[in-house]
Each structure stands twice: as C-alpha cells, then as structure tokens.
2 protein chains.
Amino acid sequence: MERTADFVNDRVETMIRRCREAGMNVTPQRIAIYRALVGSTEHPSPEMLFNSVSRTMPSLSLATIYKTLETLETIGLVREIPVTGDRKRFDAILEDHHHLICNVCGSVGDYHDESLDALPPRRRLGGFVPHAVSVNVFGVCVKCREAASH
Amino acid sequence: MERTADFVNDRVETMIRRCREAGMNVTPQRIAIYRALVGSTEHPSPEMLFNSVSRTMPSLSLATIYKTLETLETIGLVREIPVTGDRKRFDAILEDHHHLICNVCGSVGDYHDESLDALPPRRRLGGFVPHAVSVNVFGVCVKCREAASH
DNA sequence: ATATATGCAAAGCTTTTGCTGAAGA
DNA sequence: TCTTCAGCAAAAGCTTTGCATATAT
C-alpha cells in the first residue's frame with residue numbers, strides 16, 4: 001500500500017462500477033484483492049497478494065486470489081505483466097507506463113517516461129498489428145545497490 | 001530452424017569456444033540444444049526445444065534441456081525472456097532487439113528497431129542503475145489476423 | 001429465491017533435484 | 001583416470017479445477 005488513499009478509493013469505486021456493469025457480484029474478497037493490487041507499486045504475485053490481504057481477511061484462500069485475478073483480467077481491470085522467473089506478477093494500473101526490473105532481487109518498479117509512451121509504432125510491423133508497448137528496463141535497484149556496497 | 005546455416009554454425013562455434021573457456025564439457029546434447037535455440041526465431045520454451053531436438057536425439061531428456069539452459073544462461077550464452085503465461089521462453093540472440101508478442105496465440109517474434117536500441121536510459125533512474133532495455137510490442141500476429149478474417 | 005462466488009482439497013503442469021551410470025577431457 | 005554430465009524417476013512448487021457451502025442481488 002504505497003499510493004494515496006484518494007487514488008485507491010477512486011479506483012476501487014470504478015472497479016465496483018465495472019463489476020456491476022459486467023453483471024458480476026461485488027464481494028468483499030474482490031474489493032480487498034483489487035484494493036491491495038491497485039494500492040501497491042510492487043506488482044505483486046498471487047502469493048504476495050494473499051499474504052497481504054489475508055492479514056485483514058484470514059478466511060481468504062489462495063484459490064480465490066487466482067480466480068479473482070483472472071476474472072478481473074477478463075473485464076480489463078487487471079493485467080498480467082511479462083517477467084522472467086517462477087511467479088506471475090500483476091498490475092492494476094493500465095495506463096502507459098514501464099517497468100524497472102532488478103536483476104538481483106527480481107523486484108518490479110514503475111517507470112514513467114512520456115518519450116517512451118510516444119514511441120509505440122502505430123504502423124503495422126510486417127503484418128503484425130501493434131496494440132500496446134511495454135518497456136522493461138533491467139538493472140539493479142536501489143536496495144540491491146546499497147546492499148552490495150556494504 | 002529459420003536462420004541461415006552460416007549464421008547458426010558461426011554461433012555454435014563461438015558457443016563451443018565459450019564452453020571450453022568456462023571449463024565446461026562440450027557434449028552433443030549441449031550443442032544440439034544450443035543449435036536449436038540459436039537457429040529458431042520463435043523463442044522456444046523448454047518443451048518446444050525438447051520436441052524439436054529429440055527428433056534427432058531420441059534419448060534426450062527434458063531435465064537435460066532445463067539443466068543446459070540454466071548452464072548456458074550462467075555463462076551468458078542464453079537468456080530467459082520476460083513473457084506472460086505458463087512456460088518459460090528463451091533466446092540465444094543477445095544483441096539488442098525487441099519482441100512482438102501476439103495476444104491471441106502467445107507467439108513471440110523478433111523486432112529490430114535501431115531507434116529503440118538507442119533509447120536505453122544510460123543515466124540513472126532515481127537510483128536504479130539500468131543495464132539493458134527490452135521492448136515488448138503486444139498485438140496480433142500475421143497468422144492470427146488472417147485466421148480471424150475467415 | 002436464484003445465480004454466483006468462496007474455500008477446501010485434490011489434481012495438473014512445469015520445473016527442479018538426487019542419484020547412478022555414461023561420457024568428455 | 002577423474003571430473004563432469006545425461007537420463008531417469010521422484011519431488012517440489014505454482015496454478016487450476018471440482019464440488020459443497022455460503023453469499024450477493
């Protein structure tokens with residue numbers, strides 16, 4: 001939870017509206033999972049979400065996390081992000097932005113750059129029809145750099 | 001196998017040299033797996049490599065594919081590429097290039113663009129030290145577009 | 001009241017690991 | 001000859017699925 005309460009509440013309201021429009025039930029689990037995801041900047045895995053949400057909702061099951069993420073993905077509220085490694089990672093921020101991926105610890109941070117947002121090739125690429133562009137910058141994050149210098 | 005024989009042979013020679021330099025044995029399995037990977041443009045998963053290489057080397061095991069990919073990755077001959085989905089995908093082409101990812105069938109194609117190669121932020125990004133940049137363009141590939149129009 | 005979702009447990013897949021025999025240097 | 005590797009089978013880990021109960025509308 002690293003974003004402002006106003007931002008998160010705004011997004012949650014939208015999410016509730018979109019669920020109703022899609023004819024889906026609005027359950028406490030769905031709200032809590034979405035709230036945790038939209039409030040986080042670490043692009044959590046299902047397990048990370050489970051650990052954080054189940055603190056306040058101890059009956060929550062990991063299966064519900066998976067089902068909810070898939071459901072929210074189908075109505076365009078959540079997306080899986082491309083990463084290497086063993087766990088899936090998700091994002092609830094769908095606006096153009098890019099990712100800083102740490103080669104040491106695997107953390108995924110956000111990175112905003114309008115010059116990159118502008119670069120999506122809107123033209124066709126040899127028959128491939130582009131919809132969206134995602135830039136991954138690989139390197140070493142602040143924490144790992146500091147840890148290495150000790 | 002979609003690249004020229006000369007290109008592939010060249011890379012395989014380099015790979016053999018690098019293995020020796022690293023004090024590793026050069027086995028038929030390692031050569032065959034690397035050859036299949038460097039000769040492919042589809043960024044194969046371990047299973048895809050297994051299917052293609054075991055045609056000519058029936059005794060090959062999937063475990064060897066995994067072990068070999070990891071070994072080759074540690075000496076910088078291979079890398080895992082960031083994708084969504086259930087399977088890992090690998091690339092033996094380490095030079096700057098980017099990926100066209102099909103939202104329909106999950107295929108991963110190459111995409112070369114010098115203007116993108118130039119954009120890696122060489123400066124630090126708020127403490128994050130960038131090493132490499134990878135651009136993923138999501139969209140619909142030629143095959144899926146054609147299939148959809150029938 | 002009815003349709004939908006949750007939670008549990010089991011199953012399914014991909015990936016990893018341990019060990020023994022085989023092969024490279 | 002000595003070290004490293006391949007293959008097998010078993011284990012481990014993440015994700016999905018089926019079903020009964022609980023909940024949203």
Side-chain angles (χ1 to χ4, degrees), chain A residues 12 15-36 43-51 53-75 77-90 106, chain B residues 12 15-37 43-51 53-54 56-75 77-90 106:
Chain A
V12 171
M15 170 259 181
I16 291 173
R17 190 169 0 100
R18 297 279 304 280
C19 285
R20 291 201 207 286
E21 286 167 8
M24 290 165 36
N25 286 359
V26 177
T27 66
Q29 288 88 342
R30 287 181 174 165
I31 294 175
I33 292 166
Y34 181 80
R35 177 178 290 278
H43 310 82
S45 65
E47 191 191 6
M48 290 159 78
L49 283 169
F50 177 72
N51 290 337
V53 179
S54 61
R55 282 207 299 272
T56 53
M57 188 181 278
S59 65
L60 183 69
S61 79
L62 190 52
T64 298
I65 303 269
Y66 280 99
K67 288 171 182 167
T68 299
L69 288 171
E70 190 192 331
T71 303
L72 295 179
E73 193 166 18
T74 62
I75 61 171
L77 281 167
V78 160
R79 69 174 167 194
E80 186 188 347
I81 60 175
V83 288
T84 58
D86 299 332
R87 290 173 177 74
K88 295 190 168 190
R89 305 289 289 262
F90 290 87
Chain B
V12 171
M15 170 259 182
I16 291 174
R17 189 171 358 102
R18 297 279 303 281
C19 285
R20 290 200 208 288
E21 286 168 8
M24 290 167 35
N25 286 359
V26 177
T27 66
Q29 289 87 345
R30 285 182 177 165
I31 294 174
I33 293 165
Y34 182 80
R35 178 178 288 278
L37 184 57
H43 310 81
S45 65
E47 191 192 7
M48 291 160 77
L49 283 170
F50 178 71
N51 289 337
V53 179
S54 60
T56 53
M57 188 181 276
S59 65
L60 183 70
S61 80
L62 189 52
T64 298
I65 303 270
Y66 280 100
K67 287 172 183 167
T68 300
L69 289 170
E70 190 191 333
T71 303
L72 295 179
E73 192 166 18
T74 62
I75 61 171
L77 281 167
V78 160
R79 70 174 166 195
E80 187 189 346
I81 60 175
V83 288
T84 57
D86 298 332
R87 291 173 176 75
K88 296 190 167 187
R89 303 291 289 262
F90 290 87

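Throughout, a chain's letter reflects where its sequence line sits, starting with A, and its residues are numbered from 1.
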| remark: First and last nt of DNA chain D near chain A, cut-off under 4.0 Å to heavy atoms, 5' to 3', are D:dC14 to D:dT25
| task | Please list, chain by chain and in numerical order, all residues satisfying side-chain contact (heavy atoms from CB on, under 4.5 Å) with A:Tyr66, sequence neighbours excluded. | result | A:Pro46, A:Leu62
| Sequence neighbours excluded, which residues qualify as side-chain contact (heavy atoms from CB on, under 4.5 Å) partners of A:Lys67? | none
| Considering heavy-atom distances to DNA chain D, does B:Leu60 or B:Asp86 have its closest nucleotide positioned more toward the 5' end? | B:Leu60
| message | Checking A:Arg79 against B:Thr84 for the side-chain contact (heavy atoms from CB on, under 4.5 Å) test, could you report, in this order, the C-alpha distance in whole Å, the side-chain angles of both residues, the deciding distance, and whether it holds? | response | CA-CA 10 Å; A:Arg79 69 174 167 194; B:Thr84 57; over 6 Å; no
| said: Short of 4.0 Å, heavy atom to strand atom, which residues of residues 20-31 of chain A count as contacting DNA chain D? | reply: A:Arg20, A:Asn25, A:Val26, A:Pro28
Go through the structure and list residues passing side chain to side chain donor-acceptor pair (under 3.5 Å) with [X], not counting sequence neighbours.
{"X": "A:Arg20", "answer": "none"}
{"X": "B:Glu47", "answer": "B:Arg87"}
{"X": "A:Ser61", "answer": "A:Thr64"}

| Over 12 non-hydrogen atoms of neighbours within 6.0 angstrom of CD in A:Glu73 | yes
What are the atom names and distances for every N/O pair under 3.5 Å that joins the protein to nucleotides 17-21 of chain C?
| residue | atom | partner | partner atom | Å |
| --- | --- | --- | --- | --- |
| C:dG18 | O6 | B:Lys67 | NZ | 3.0 |

| query | Between B:Leu77 and B:Tyr34, which heavy-atom pair has the shortest distance, and what is it? | reply | O-CE1, 3.8 Å
Please give, in whole Å, the distance from [N] [atom2] to [X] [atom1]?
{"X": "A:Leu62", "N": "C:dA10", "atom1": "CG", "atom2": "P", "result": "16 Å"}
{"X": "A:Phe50", "N": "C:dG7", "atom1": "CZ", "atom2": "C1'", "result": "10 Å"}
{"X": "B:Ile65", "N": "C:dT15", "atom1": "CD1", "atom2": "P", "result": "12 Å"}

| query | Donor-acceptor pair, A:Glu80 side chain versus A:Lys88 backbone, under 3.5 Å? | reply | no
| With sugar-phosphate meaning primed atoms plus P, OP1 and OP2, does B:Ser59 contact a base, only sugar-phosphate, or nothing at under 4.0 Å between heavy atoms? | sugar-phosphate
| side-chain contact (heavy atoms from CB on, under 4.5 Å) between B:Thr68 and B:Leu49, intermediate numbers included | CA-CA 11 Å; B:Thr68 300; B:Leu49 283 170; over 6 Å; no
| query | Bend across the helix from C:dA1-D:dT25 to C:dA25-D:dT1, to 10°, with axes taken over 5 pairs at each end? | reply | 40°
| request: Please assess A:Met48 against A:Arg89 for the test side-chain contact (heavy atoms from CB on, under 4.5 Å), listing each intermediate value before the final yes or no. | output: CA-CA 9 Å; A:Met48 290 159 78; A:Arg89 305 289 289 262; 4.2 Å; yes
| task | Show your reasoning for whether side-chain contact (heavy atoms from CB on, under 4.5 Å) applies to B:His43 and B:Val83. | result | CA-CA 10 Å; B:His43 310 81; B:Val83 288; over 6 Å; no
| Do the non-hydrogen side-chain atoms of A:Met15 and A:Leu72 ever get within less than 4.5 Å of each other? | yes
